[in-house]
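Proteins get letters first, then strands, A, B, ... in listed order; numbering begins at 1 in each. The figures that follow rest on heavy atoms only: side chains count, while hydrogens, waters and symmetry mates do not.
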Amino acid sequence: MKTTRSTAKPVHKPVFANGDDIQIPVFTLLKPDGTAYAGAGKPTLDEATARRVYRAMLYTRVLDERMMAAQRQGRLSFYMQCTGEEAAVVGSTAALDDADMIMAQYREQGALAYRGFTTDEFMNQLFGNERDTAHGRQMPIHYGSRDLHYLTISSPLATQIPQATGYAYGQKLAGQGHCTLAIFGEGAASEGDFHAALNMASVHKVPVIFLCRNNGYAISTPVTEQFAGDGVAARAFGYRMQSIRVDGNDILAVFEATREARRLAVEHNEPVLIEAMTYRLAAHSSSDDPSGYRSKKEEEAWHKKDPLRRMQRWLIDRGWWTEDEERELTESLRREVLDGMKQAEKRRPPALATLISDVYAETPPLLREQLETLKAHIVRHPEAYPRSAPWLDDSTEKEGQA
Amino acid sequence: MSRMNLLQAVNNALDTAMASDDRVLCFGEDVGVFGGVFRATSHLQEKYGRERCFNTPLVEQGIVGFANGLAAQGSVPVAEIQFADYIFPAFDQLVNETAKFRYRSGSLFDVGGLTVRAPYGGGIAGGHYHSQSPEAYFAHTPGLTVVVPRNPHQAKGLLLASIRSPDPVLFFEPKRLYRASVGEVPDDDYELPLRQAEVVQEGSDITLLAWGAQMEVIEQAADMAGKEGVSCELIDLRTIVPWDVETVVESVLKTGRLIVSHEAPLTGGFAAEVAATIQNRCFLYLESPIERVTGLDTPFPLTLEKEYMPGPLKVLDAIHRTMDF
Ligand SMILES: Cc1ncc(C[n+]2csc(CCOP(=O)(O)OP(=O)(O)O)c2C)c(N)n1
Ligand SMILES: [Mg+2]
């Protein structure tokens with residue numbers, strides 16, 4: 001009867017437990033109107049960081065609005081918005097060291113915006129053009145940046161969560177005081193990979209932070225059909241992991257919780273699970289229409305808790321921001337995104353040879369042969385391949401060659 | 001008869017199966033109220049209740065493990081995997097469990113009632129993870145039956161046969177054709193035979209073999225070749241494993257030439273299996289080497305998807321190579 005904690009106490013009647021006696025509170029500092037709760041204490045978010053955070057949140061909002069419109073106009077094949085979850089994503093990123101690793105799911109463009117991913121970089125990926133670092137191989141929003149320590153997005157859900165545990169274990173061995181933040185949805189947390197990741201992180205004492213964006217839905221599936229337990233936060237106890245639930249639309253609470261989680265992770269090698277309670281204000285993706293599975297009333301209630309508005313009020317109250325500044329910044333960001341989009345749209349598609357590069361470190365002969373066969377085929381039927389035929393003879397074709 | 005697209009035909013087959021047998025259950029991610037992200041299970045919850053048609057948590061290994069258990073108990077589960085690209089968390093349940101349930105127990109237990117449906121294939125700007133054709137992985141697993149329909153009529157008849165088959169079936173639906181392929185579908189309950197390929201067009205010069213969405217591609221190539229005077233025989237394999245060797249052999253003995261085409265990569269694709277068997281059975285009758293027209297040996301791309309795909313012009317080029325050999 002040995003457990004890791006102690007020798008379990010014997011009892012002589014069957015005693016069942018389902019965890020209902022454990023109540024996990026919601027950590028929150030800012031009221032929906034942007035004023036602080038009494039007893040919230042002095043926030044640790046300083047003016048410079050606060051402005052950087054807000055700028056990234058605003059940028060994300062502007063980018064999402066513009067790109068969803070572009071998708072509706074048929075200029076972009078697909079899009080996913082972060083709308084409503086900007087505080088959870090940007091607030092947690094801001095509490096990290098900029099060199100800490102982030103392994104996100106797909107709705108976390110705010111993290112990249114905070115770290116300085118440029119409009120040009122966003123656009124080149126979205127349009128899958130010749131300047132996209134992944135050569136137009138993945139669907140829009142599958143960003144990645146080695147410089148910004150942001151792992152390239154992979155659509156299969158939850159796969160990055162155990163990878164984050166492994167990456168962070170390596171960071172611990174490297175001894176440079178870095179950690180990894182895994183971000184994922186409450187739906188993805190149902191995958192086996194989530195459970196494996198948490199267990200291994202606890203057993204091996206890994207400096208990793210698991211941030212679950214509990215936004216109420218996995219596509220159409222509400223949380224009530226996703227789990228019966230007390231959200232995602234409670235699962236940490238089964239692995240004896242530190243756990244906290246936070247108001248995900250409260251920038252101060254998210255920042256503070258993640259800052260403390262990082263301290264536990266980096267200084268004590270204690271992994272932490274954070275459940276950020278939030279709401280996906282937009283559709284799941286450009287392919288989705290939420291009217292089939294949730295009410296307008298519910299959406300409106302959450303619009304009132306918009307994390308941007310809440311932070312804006314708080315900033316203005318402190319004299320760190322003005323409405324004029326907001327107007328000017330919004331205007332200039334809109335212009336920047338629009339200009340960036342127009343440029344990216346005009347760029348060439350990736351070189352044909354990028355079809356076969358990066359499959360292996362060294363391209364096997366059979367694959368080279370397949371590319372040659374393909375080229376000869378395109379030369380015979382150039383009209384059928386408008387994306388690649390015009391550039392076939394171009395010398396830049398050789399660049400992509402592995 | 002009703003005019004339906006492939007999606008409606010799948011929905012109609014599920015409806016028919018649930019109406020005719022109380023033991024049939026449909027479940028998967030977003031399958032309940034919403035009716036699935038493609039709407040293949042629309043209105044089934046409304047009609048048959050939440051106990052027989054429901055959302056599952058987001059966990060494919062759970063979905064298939066749960067379905068294996070249900071099938072072992074005697075229910076008839078039809079589990080949906082939202083995209084074939086996301087079937088891999090359930091690979092262990094399918095390959096080590098589903099496929100071997102009957103064999104390892106000497107038929108004491110089986111999961112014959114199980115059907116797993118999954119949309120597969122490219123041509124929808126889906127990139128790496130909404131485009132793959134994973135049939136060959138499963139074809140390498142004795143005990144599994146793998147079925148792929150090419151149009152609405154086939155989809156309904158083959159799905160009903162799959163649900164009622166005494167063996168577990170993986171049913172891959174060509175999602176590019178979900179709305180694009182429209183045709184007449186009988187309203188009543190009917191089954192089309194598993195393990196039987198179908199000669200969909202007779203011809204004398206060359207045999208073109210494919211399945212699913214690729215049938216449309218070889219049909220287009222055959223039309224172009226026809227205008228040049230080449231007579232193509234077209235075969236839809238329909239059941240990938242166990243496959244109908246005799247129908248293909250008979251055709252190749254007649255034409256002396258064979259092209260096999262699929263979207264999945266060349267190396268290790270099911271075309272290789274067909275080619276090996278046919279060259280063994282028809283060696284002295286072959287006028288030219290068997291050709292394969294397939295995807296490249298790379299992950300599925302996005303911007304250059306057209307270049308990757310084995311389109312009709314690539315099949316036509318192969319027809320020319322084969323005829324001119
Ligand atoms: C392994 C796997 N299964 C299914 C899908 C299809 N899918 C994409 S997003 C999604 C819902 C995810 O919900 P959640 O994790 O809550 O994230 P959210 O979209 O709410 O941010 C599903 C089922 C997938 N991408 N990967
Ligand atoms: Mg969610």
Side-chain angles (χ1 to χ4, degrees), chain A residues 77-78 127-130 132 135-140 142 154-159 185-194 218-222 225-227 284 287-288 292-293 349-352 354-359 364 366-367 370-371 373-374 376-378 380-381 384-388, chain B residues 28-39 42 50 54-63 65 82-83 85-90 92 124-131 265-267 293-308 311-314 316-318 320-321:
Chain A
S77 60
F78 176 82
F127 287 93
N129 65 29
E130 60 172 345
D132 169 22
H135 310 293
R137 291 177 185 139
Q138 287 220 78
M139 283 172 78
H142 289 62
S154 170
S155 325
L157 289 168
T159 48
E186 87 293 337
S190 290
E191 292 281 5
D193 273 353
F194 164 85
I219 311 186
S220 76
T221 305
E225 293 179 48
Q226 194 65 247
F227 39 70
H284 169 71
S287 318
D288 175 46
Y293 55 83
L352 191 65
T354 61
L355 267 178
I356 66 158
S357 54
D358 304 324
V359 183
L366 177 60
L367 193 43
Q370 290 179 10
L371 181 67
T373 308
L374 174 62
H377 171 76
I378 295 172
R380 271 195 299 282
H381 310 277
Y385 299 93
R387 289 217 162 135
S388 51
Chain B
E29 294 157 15
D30 302 293
V31 157
V33 178
F34 197 51
V37 293
F38 290 100
R39 306 301 164 89
S42 281
R50 296 173 71 100
F54 50 91
N55 286 338
T56 63
L58 209 171
V59 53
E60 292 77 12
Q61 68 191 90
I63 293 169
Q82 201 162 81
F83 286 86
D85 310 72
Y86 303 136
I87 204 167
F88 301 108
D92 186 43
I124 59 147
H128 301 343
Y129 302 116
H130 298 84
S131 304
L266 177 85
T267 301
V293 183
T294 69
L296 304 177
D297 283 340
T298 71
F300 206 103
L302 183 81
T303 306
L304 298 176
E305 173 173 33
K306 180 112 199 276
E307 281 71 6
Y308 171 95
L313 287 169
K314 289 188 185 172
L316 184 66
D317 274 7
H320 290 154
R321 278 197 301 277

Portion of D288(A) that has a non-hydrogen atom of chain B nearer than 4.5 angstrom
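The side chain, not the backbone.
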Under 4.5 Å heavy-atom distance to chain B, tell me which part of L367(A) shows up: side chain, backbone, both or neither.
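Side chain only.
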With a 3.5 Å distance limit and no angle check, can you tell me whether [X] reaches the backbone of [Y] through a side-chain donor-acceptor pair?
X       : Y       : result
Q138(A) : G127(B) : no
K314(B) : L374(A) : no
S190(A) : V59(B)  : no
D85(B)  : P156(A) : no
R137(A) : F300(B) : no

Does the side chain of H128(B) reach to within under 4.5 Å of the side chain of S155(A), using non-hydrogen atoms?
no
Would you say T221(A) and E29(B) make side-chain contact, with heavy atoms under 4.5 Å?
no
Minimum heavy-atom distance [X]-[Y], with the two atoms named:
X       : Y       : result
L313(B) : A384(A) : CD1-CB, 3.4 Å
N55(B)  : P222(A) : ND2-CD, 4.5 Å
A188(A) : L58(B)  : N-CD1, 3.9 Å
V359(A) : P299(B) : CG2-CD, 4.0 Å
P301(B) : L355(A) : CG-CD2, 3.5 Å
P349(A) : T303(B) : CB-CG2, 3.9 Å

Within this structure, what is the [atom1]-[atom2] distance for the pair [X] and [Y], rounded to the nearest 0.5 Å?
X       : Y       : atom1 : atom2 : value
E307(B) : L352(A) : CD    : CG    : 6.0 Å
L302(B) : H135(A) : CG    : NE2   : 14.0 Å
I356(A) : D297(B) : CD1   : CG    : 10.5 Å

Check whether [X] gets within reach of chain A through its side chain, its backbone, both or neither, counting any heavy atom under 4.5 Å.
X       : value
Q61(B)  : side chain
V37(B)  : side chain
E305(B) : neither

Output all residues satisfying ring-ring contact (aromatic ring centres under 6.0 Å, His included) with H377(A), sequence neighbours left out; order by chain, then residue number.
H381(A), Y385(A)
S77(A), S220(A), G128(A): which one forms the most heavy-atom pairs within less than 4.5 Å of chain B?
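That would be S220(A).
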Closest-packed option against chain B by number of heavy-atom pairs under 4.5 Å, given A189(A), A158(A), S154(A), G292(A)
S154(A)
Sequence neighbours excluded, the answer for salt bridge (charged side-chain N to carboxylate O under 4.0 Å, His left out) partners of E225(A) is R50(B)
side-chain contact (heavy atoms from CB on, under 4.5 Å) assessment of I219(A) paired with Q82(B)
CA-CA 11 Å; I219(A) 311 186; Q82(B) 201 162 81; 3.6 Å; yes
